[in-house]
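To start, the structure itself, in structure tokens.
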There are 2 protein chains.
Amino acid sequence: MAKGSDTRNRILDIAQDAVLAKGFDATSIEEIVAGADITKSGFFYHFRDKNTLAEALIDRHVKTEDELFDGLAARSSALTDDPLQKILIFLKLLAELLENMPEGHPGCIVASAVYQDRLFSNAVHAANRRAVLGWRKRFREMFAMAEANYPLHDPVEIDDLADMVSAVIEGGLVMARGLNEPDLTARQILLLRSYVKLLFQPRV
Amino acid sequence: MAKGSDTRNRILDIAQDAVLAKGFDATSIEEIVAGADITKSGFFYHFRDKNTLAEALIDRHVKTEDELFDGLAARSSALTDDPLQKILIFLKLLAELLENMPEGHPGCIVASAVYQDRLFSNAVHAANRRAVLGWRKRFREMFAMAEANYPLHDPVEIDDLADMVSAVIEGGLVMARGLNEPDLTARQILLLRSYVKLLFQPRV
DNA sequence: ATAAAAACTGCACCGTAAGTACAGTACTAA
DNA sequence: TTAGTACTGTACTTACGGTGCAGTTTTTAT
């Protein structure tokens, strides 16, 4: 028999696919347990309720995404010492990554949670908040390094700039989904990259 | 007794408030009819099902937003003949408008619908798609006028630029909601404005 | 004034899904 | 061998979306 945490992960895998395809509410527990080959009782052994599942889903999703960002950051750091180039390479790699996902980026569980207030407990919202604040911190540091070495050609707040990365990704995903144009998000990232370039880069 | 379309609008009003506050799924028909002071049968007289309600909600929301955009476009057109300045003023007005909404922008019903695939019928998705394509067209025209008069300082697609307006708004709303920072969206619009400026404006 | 259409009310009922309760069972590590 | 972990099975409750339909009030056109 499975190792316990095995089953838990299997539940999360199946739930994640279903949630990204149909939305959280549209995904029934009974459908999840059927897919995971367990019983309803088994599900409730692992998760107190659907909220707890959402929480776990967000936490796991954020963790995966963080590792992905870490990977891109490491690759861009390896390619240059210049803090501005680091950002530009990072954004390029990010765009490429989004482009190469055949089905488009799976879409962000976080955003989907943002638009469902009652259903979700405080714990879910807290998980969500942690995620977004984590991104802010990450990108803030990248832009602060660039600012220290290059003049800003327009007076903008570094914090806002950091948030813009997340906003463009999230907004891009919403649009991509709404229009069924999977690579829209990647193109939006490249526009953001263009902005960063114009904002920091010395002029010819 | 009310005039029929009165009741329908009352249902939409109450539904809209509830949906923006709690999400669509979390808003029960029973709660809507209680608020609108009608019976369940009365609700189903006006709307075939919950899908039809969503559709009506999106259509009405889009209409309101279109009028709002029209108003801002008219005001900025009145202030200048220069196509670039028109965009910059438009974005400034938009940011101000978002800032002055005490509770922050109500959040976009469209985005909320994007993340719930099964629940919604094709009609709902079509309404959504129409909305997003409408925005694309609107902003595309504005940017095309600017491009005809100013050099682009970075080779980007006008279509993508048009989508960026929507993406930044949508993404801004997601972030604002997740972090409970109502004016985040306005600041993101101003960043986009800064990009447009750097992208088109002749350098000193 | 009247008839027809529109805008409802009231009530009974069905299916689905979340969640509860709890007794029983199989596997697993000390 | 025993205690905990990881479940199964069954039965039940509640909430919600939705149906069906007969009856009632209100509005509108003639």
Side-chain angles (χ1 to χ4, degrees), chain A residues 1-19 21-58 112-113 115-124, chain B residues 1-19 21-58 109 112-113 115-125:
Chain A
M1 181 141 288
K3 256 185 36 204
S5 69
D6 262 19
T7 304
R8 198 187 133 96
N9 280 325
R10 214 166 64 244
I11 294 173
L12 287 174
D13 287 340
I14 287 161
Q16 177 165 332
D17 285 351
V19 167
K22 309 188 297 185
F24 186 77
D25 287 311
T27 302
S28 75
I29 292 176
E30 265 149 41
E31 141 191 19
I32 294 170
V33 308
D37 219 29
I38 49 163
T39 62
K40 212 174 167 186
S41 309
F43 175 88
F44 283 106
Y45 173 79
H46 286 287
F47 302 98
R48 200 171 58 261
D49 51 27
K50 229 185 160 187
N51 259 309
T52 315
L53 172 68
E55 216 180 309
L57 234 33
I58 292 177
S112 124
Y115 279 107
Q116 310 193 8
D117 261 23
R118 173 224 60 155
L119 184 70
F120 290 131
S121 65
N122 287 336
V124 175
Chain B
M1 181 137 286
K3 255 186 32 208
S5 69
D6 262 19
T7 304
R8 198 189 133 95
N9 280 325
R10 215 166 63 246
I11 293 173
L12 286 174
D13 287 339
I14 288 162
Q16 178 165 331
D17 285 351
V19 167
K22 307 187 299 183
F24 187 77
D25 286 311
T27 302
S28 75
I29 292 175
E30 266 148 41
E31 139 191 20
I32 294 171
V33 307
D37 220 27
I38 51 164
T39 61
K40 213 174 164 185
S41 308
F43 174 88
F44 283 106
Y45 174 78
H46 286 287
F47 301 97
R48 201 171 58 261
D49 51 26
K50 229 186 161 186
N51 259 310
T52 316
L53 171 69
E55 218 179 309
L57 235 32
I58 291 177
I109 293 203
S112 125
Y115 279 107
Q116 311 193 6
D117 261 23
R118 175 222 59 156
L119 183 68
F120 289 131
S121 65
N122 288 336
V124 175
H125 284 116

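Throughout, a chain's letter reflects where its sequence line sits, starting with A, and its residues are numbered from 1.
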Inset, instruction - Starting at atom CG of A:Asp25, determine the distance to atom P of D:dG17, rounded to an integer number of angstrom. - result: 11 Å
Inset, instruction - Take the protein atom CD1 of B:Ile32 and the nucleotide atom C1' of D:dG18, then report the distance between them rounded to whole Å. - result: 14 Å
Inset, instruction - Would you please confirm or rule out a distance under 4.0 Å between OP1 or OP2 of D:dC7 and any side-chain N or O of A:Thr7? - result: yes
Legend entry - Residue A:Tyr45, side-chain heavy atoms: nucleotide from D:dC7, C:dC8, D:dT8 that is nearest: D:dC7
Legend entry - Approximate separation, where rounding is to 0.5 Å, of B:His46 NE2 and B:Arg10 CZ: 8.5 Å
With the criterion being N/O to N/O and under 3.5 Å, what pairs connect the protein with nucleotides 19-22 of chain C, and how long is each?
{"from": "C:dG19", "atom 1": "OP2", "to": "A:Lys50", "atom 2": "N", "distance (Å)": "3.0"}
{"from": "C:dG19", "atom 1": "N7", "to": "A:Lys40", "atom 2": "NZ", "distance (Å)": "3.0"}
{"from": "C:dG19", "atom 1": "O6", "to": "A:Lys40", "atom 2": "NZ", "distance (Å)": "3.0"}

Inset, instruction - Report the distance from atom CG of A:Asp6 to atom P of C:dC27, rounded to the nearest whole Å. - result: 16 Å
Legend entry - Counterpart residues, side chain to side chain contact (heavy atoms under 4.5 Å, CB included), relative to A:Ser41 (two or more places apart): A:Thr39
Inset, instruction - Let me know the distance between CD1 of A:Ile38 and C1' of D:dT5, rounded to the nearest Å. - result: 15 Å
Legend entry - Euclidean distance, A:Glu55 CD relative to A:Phe47 CZ, rounded to 0.5 Å: 10.0 Å
Legend entry - Partners meeting salt bridge (charged side-chain N to carboxylate O under 4.0 Å, His left out) with A:Asp13 (sequence neighbours left out): A:Arg60
Inset, instruction - May I ask you to evaluate whether A:His46 reaches the phosphate of D:dA6, defined as a side-chain N or O under 4.0 Å from OP1 or OP2? - result: no
Legend entry - Nearest-Å distance for atom pair CZ/P, residues B:Phe24 and D:dC16: 14 Å
Inset, instruction - Measure the spacing between CZ of B:Arg8 and CG of B:Leu53 and express it to the nearest 0.5 Å. - result: 9.0 Å
Legend entry - Rounded distance (Å) that lies between atom P of D:dG18 and atom CG of B:Leu53: 10 Å
Inset, instruction - Any chance you could measure B:Leu57, atom CG, to B:Ile11, atom CD1, to the nearest 0.5 Å? - result: 11.0 Å
